[in-house]
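Structure record follows, encoded as structure tokens.
Proteins come first, then strands; the chains are lettered A, B, ... in the order of their sequence lines, and each starts at number 1. When reading the values below, keep in mind they use all heavy atoms of this one structure, side chains included, and skip hydrogens, waters and symmetry mates.
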2 protein chains.
Amino acid sequence: MQLELRVDRSSPVPLYFQLSQQLEAAIEHGTLTPGSLLGNEIELAARLGLSRPTVRQAIQSLVDKGLLVRRRGVGTQVVHSQVKRPLELSSLYDDLEAAGQRPATQVLVNTLVPASAEVAAALGLPEGSDVHRVERLRLAHGEPMAYLCNHLPPGLLDLHTDQLEATGLYRLMRAAGITLHSARQSIGARAATAAEAERLTESEGAPLLTMQRTTFDDTGRTVEFGDHLYRPSRYAFEFQLLVRP
Amino acid sequence: MQLELRVDRSSPVPLYFQLSQQLEAAIEHGTLTPGSLLGNEIELAARLGLSRPTVRQAIQSLVDKGLLVRRRGVGTQVVHSQVKRPLELSSLYDDLEAAGQRPATQVLVNTLVPASAEVAAALGLPEGSDVHRVERLRLAHGEPMAYLCNHLPPGLLDLHTDQLEATGLYRLMRAAGITLHSARQSIGARAATAAEAERLTESEGAPLLTMQRTTFDDTGRTVEFGDHLYRPSRYAFEFQLLVRP
DNA sequence: GAGTGGTCTAGACCACTCA
DNA sequence: GAGTGGTCTAGACCACTCA
């Protein structure tokens with residue numbers, strides 16, 4: 001394994017991050033083949049002119065991503081199985097764009113409404129207080145793929161219909177300086193009502209994939225409550241899970 | 001914040017782990033309230049007689065779990081939103097047991113079969129080679145909840161029907177010394193066929209929640225390929241996601 | 001017994017936040 | 001300017017794995 005690794009001490013990028021990026025690239029490009037040993041941490045540190053903790057920090061970040069496996073007494077190996085993309089809090093918009101599908105959005109509703117009991121509970125607001133309600137139809141290849149209904153607390157974000165048609169809700173939140181932290185999700189299935197079927201060009205009673213999500217920012221505010229319906233012929237939730245040790 | 005923290009240096013449990021467990025317990029019990037500041041790392045280290053890296057390691061593990069948020073220049077805070085259980089690779093059996101539902105299992109099929117093209121591809125074996133096939137019906141409160149069809153490579157595990165009826169597949173794997181590492185999952189929905197409907201006491205065409213999963217151990221072997229059907233009135237996938245920074 | 005990662009120390013300098 | 005976490009060093013001793 002004659003891997004070319006080098007760090008640039010004049011760069012503002014942290015040394016451990018430079019190293020982890022190079023290792024990740026080498027794994028992605030196949031220079032580091034699955035199962036190959038990385039060389040021990042002390043030797044790696046010496047070769048790069050880094051301290052061992054810095055090398056460990058780089059390796060740890062790739063272990064956390066599932067790309068490397070450490071075994072005491074044995075060494076650090078590139079994982080065999082193809083790890084693609086770990087599960088992350090993604091928006092349907094990003095998912096579709098990443099799949100090269102050029103998503104389109106039709107905004108059906110963008111207004112203030114009094115919060116229902118369910119919405120009020122999810123957002124932590126009094127029932128009946130004003131909340132934003134956004135209903136969107138997401139299309140791919142000109143076909144409806146999902147119906148997205150979201151509620152947001154007031155004052156968090158300016159929601160312009162033209163922006164909502166041009167990009168995804170999470171991108172708008174990030175652009176507004178909101179740091180997303182976590183989300184609680186529930187994925188289920190049920191039969192389409194007549195109205196839902198019409199929106200999604202399905203027939204009444206057809207199976208639909210459902211997702212409810214409450215999203216929190218890093219200050220603990222609830223920033224969004226979503227209730228989504230997907231056409232199962234057009235969309236499935238795909239993700240990679242890591243077993244935490 | 002007069003939190004009682006103490007480490008036992010005679011214990012074989014790592015110091016950082018003792019600390020992170022105490023912090024986690026304090027968060028869980030409400031001693032450390034959401035939003036409260038932890039006190040800076042150097043002061044914490046001095047108070048506990050630990051070095052700062054050790055304290056950081058403890059804090060980092062709780063940041064990774066989503067319980068703490070660090071902000072440079074500000075401090076480390078307990079997260080506001082209620083983080084329950086992060087998404088992990090769980091078995092339906094464990095899920096049900098954790099929910100206090102005392103799951104029951106009926107093994108419908110437990111045999112060796114030649115691998116179909118799909119199964120062979122998932123397990124990385126030649127088509128037509130012998131694989132274990134297990135079909136199970138999972139019940140809760142005496143009602144069928146899911147139909148589970150799994151394929152496993154030969155020689156990995158002894159699959160006794162009585163064990164499969166007493167516990168979950170993942171537990172059997174772990175007990176056999178298999179270290180699970182990651183899984184690729186796909187969650188979707190579709191209409192029940194007549195045969196599926198009968199097994200699950202649904203009607204033909206009823207919406208079902210589907211999950212396909214390929215699971216890898218830490219040596220990169222594929223240890224399981226599962227194709228599961230859930231009754232959406234009885235089960236949904238619930239989980240918490242963390243946004244990776 | 002040789003080699004590995006796991007844990008731990010006691011510092012240092014820095015970038016960032018906020019009053 | 002005071003206080004915070006982010007990064008980094010140069011070590012140390014240990015438990016575990018494997019031949």
Side-chain angles (χ1 to χ4, degrees), chain A residues 1 5-23 35-64 67-79 177 179 181 218-219 244-245, chain B residues 1 5-23 35-64 67-79 177 179 181 218-219 244-245:
Chain A
M1 200 255 319
L5 295 171
R6 214 173 296 151
V7 293
D8 173 8
R9 290 192 168 269
S10 69
S11 161
V13 177
L15 300 174
Y16 80 88
F17 193 71
Q18 292 183 38
L19 177 54
S20 71
Q21 281 191 313
Q22 286 176 52
L23 290 173
S36 61
L37 281 163
L38 216 61
N40 74 62
E41 297 172 352
I42 292 169
E43 181 258 345
L44 248 175
R47 203 165 99 203
L48 286 156
L50 297 172
S51 69
R52 186 179 164 208
T54 300
V55 169
R56 272 185 72 78
Q57 195 174 0
I59 291 174
Q60 186 60 48
S61 71
L62 299 182
V63 170
D64 290 343
L67 295 175
L68 296 177
V69 186
R70 279 206 270 229
R71 272 182 251 265
R72 196 199 304 224
V74 178
T76 303
Q77 276 180 301
V78 179
V79 99
T179 306
H181 174 263
D218 66 347
T219 69
R244 54 175 198 176
Chain B
M1 200 254 320
L5 295 170
R6 213 171 299 149
V7 294
D8 174 7
R9 301 194 87 99
S10 69
S11 161
V13 177
L15 301 174
Y16 80 89
F17 193 71
Q18 292 183 38
L19 177 54
S20 71
Q21 279 191 314
Q22 285 175 52
L23 290 173
S36 61
L37 281 163
L38 216 59
N40 74 62
E41 296 172 352
I42 292 168
E43 181 259 345
L44 248 175
R47 202 165 99 203
L48 286 156
L50 296 174
S51 69
R52 187 180 164 208
T54 300
V55 170
R56 273 185 72 78
Q57 194 174 1
I59 291 174
Q60 185 61 49
S61 71
L62 298 182
V63 170
D64 291 342
L67 296 174
L68 296 176
V69 185
R70 279 205 270 227
R71 272 181 252 264
R72 195 198 307 223
V74 178
T76 303
Q77 277 179 301
V78 179
V79 100
T179 307
H181 174 264
D218 67 347
T219 68
R244 53 174 198 178

Practice task
Could you walk me through whether B/Leu15 and B/Leu19 pass the side-chain contact (heavy atoms from CB on, under 4.5 Å) test, one step at a time?
Solution key: CA-CA 6 Å; B/Leu15 301 174; B/Leu19 177 54; over 6 Å; no

Handout entry: From CA spacing to verdict: side-chain contact (heavy atoms from CB on, under 4.5 Å), B/Val78, B/Leu67
Key = CA-CA 6 Å; B/Val78 179; B/Leu67 296 174; over 6 Å; no

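Residue whose closest nucleotide on DNA chain C sits further toward the 5' end, between B/Leu15 and A/Ile59: A/Ile59. The residue among A/Phe17 and A/Arg52 whose nearest nucleotide of DNA chain D is located toward the 5' end is A/Phe17.
Residue B/Val74 places its side chain closer to C/dT17 than to any other of D/dT7, C/dT17, C/dG5. In the set D/dT7, D/dA12, C/dT9, C/dT9 carries the atom at the smallest distance from any side-chain atom of B/Arg9.
Per the geometry, CD belonging to A/Gln77 stands 13 Å off P belonging to C/dT4, to the nearest Å. Whole-Å rounding puts the B/Ile42 CD1 to C/dC14 C1' distance at 12 Å. Taking atom CD of B/Glu43 as the reference point, atom C1' of D/dA2 lies 16 Å away to the nearest angstrom. B/Gln60 places its CD atom 14 Å from the P atom of C/dT7, with the value rounded to the nearest Å. Rounded to an integer number of Å, the gap from CG of B/Leu37 to P of C/dT17 is 16 Å. The CG-P distance, from B/Leu38 to D/dG3, rounds to 18 Å in whole Å. B/Leu44 places its CG atom 15 Å from the C1' atom of D/dG3, with the value rounded to the nearest Å. Between the C1' atom of C/dA10 and the CG atom of B/Leu50 lies a distance of 13 Å, rounded to the nearest Å.
Two residues are said to be in side-chain contact when any heavy atoms from C-beta on lie closer than 4.5 Å; B/Val69 and B/Val63 fail this criterion. Proximity of B/Arg71 to A/Asp218: side-chain heavy atoms (C-beta onward) are separated by under 4.5 Å at one or more points.
At least one side-chain nitrogen or oxygen of A/Arg70 sits closer than 4.0 Å to the OP1 or OP2 atom of C/dG6. One finds a side-chain N or O of B/Thr76 lying less than 4.0 angstrom from the OP1 or OP2 phosphate oxygen of D/dG5. Here B/Asn40 does not reach the OP1 or OP2 of D/dG3: none of its side-chain N or O atoms lies under 4.0 Å away. Distances shown here put a side-chain N or O of B/Thr54 below 4.0 Å from the OP1 or OP2 atom of C/dT9. Close to C/dG5, at under 4.0 Å from its OP1 or OP2, lies no side-chain N or O of A/Arg56. Here B/Tyr16 does not reach the OP1 or OP2 of C/dC8: none of its side-chain N or O atoms lies under 4.0 Å away.
Pair check for D/dA12 finds C/dT7; Watson-Crick or G-U wobble, both atom distances under 3.5 Å. Nucleotide D/dT17 has C/dA2 as its partner under the Watson-Crick or G-U criteria, with both atom distances under 3.5 Å.
Looking at A/Glu41 and A/Arg70, a side-chain N of the basic residue comes within less than 4.0 Å of a carboxylate O on the acidic one, giving a salt bridge.
Of the possible polar contacts, none joining the B/Gln77 side chain to the B/Leu38 backbone as a donor-acceptor pair under 3.5 Å is found.
Checked by distance alone, A/Arg72 brings no side-chain donor or acceptor within 3.5 Å of a matching partner on the base of C/dG3.
Within the nucleic acid shown, B/Pro14 comes within 4.0 Å of sugar-phosphate atoms alone, with no base atom in reach, counting heavy atoms only. Residue B/Arg71 is classed as a sugar-phosphate contact, given heavy-atom separations below 4.0 Å to backbone atoms only.
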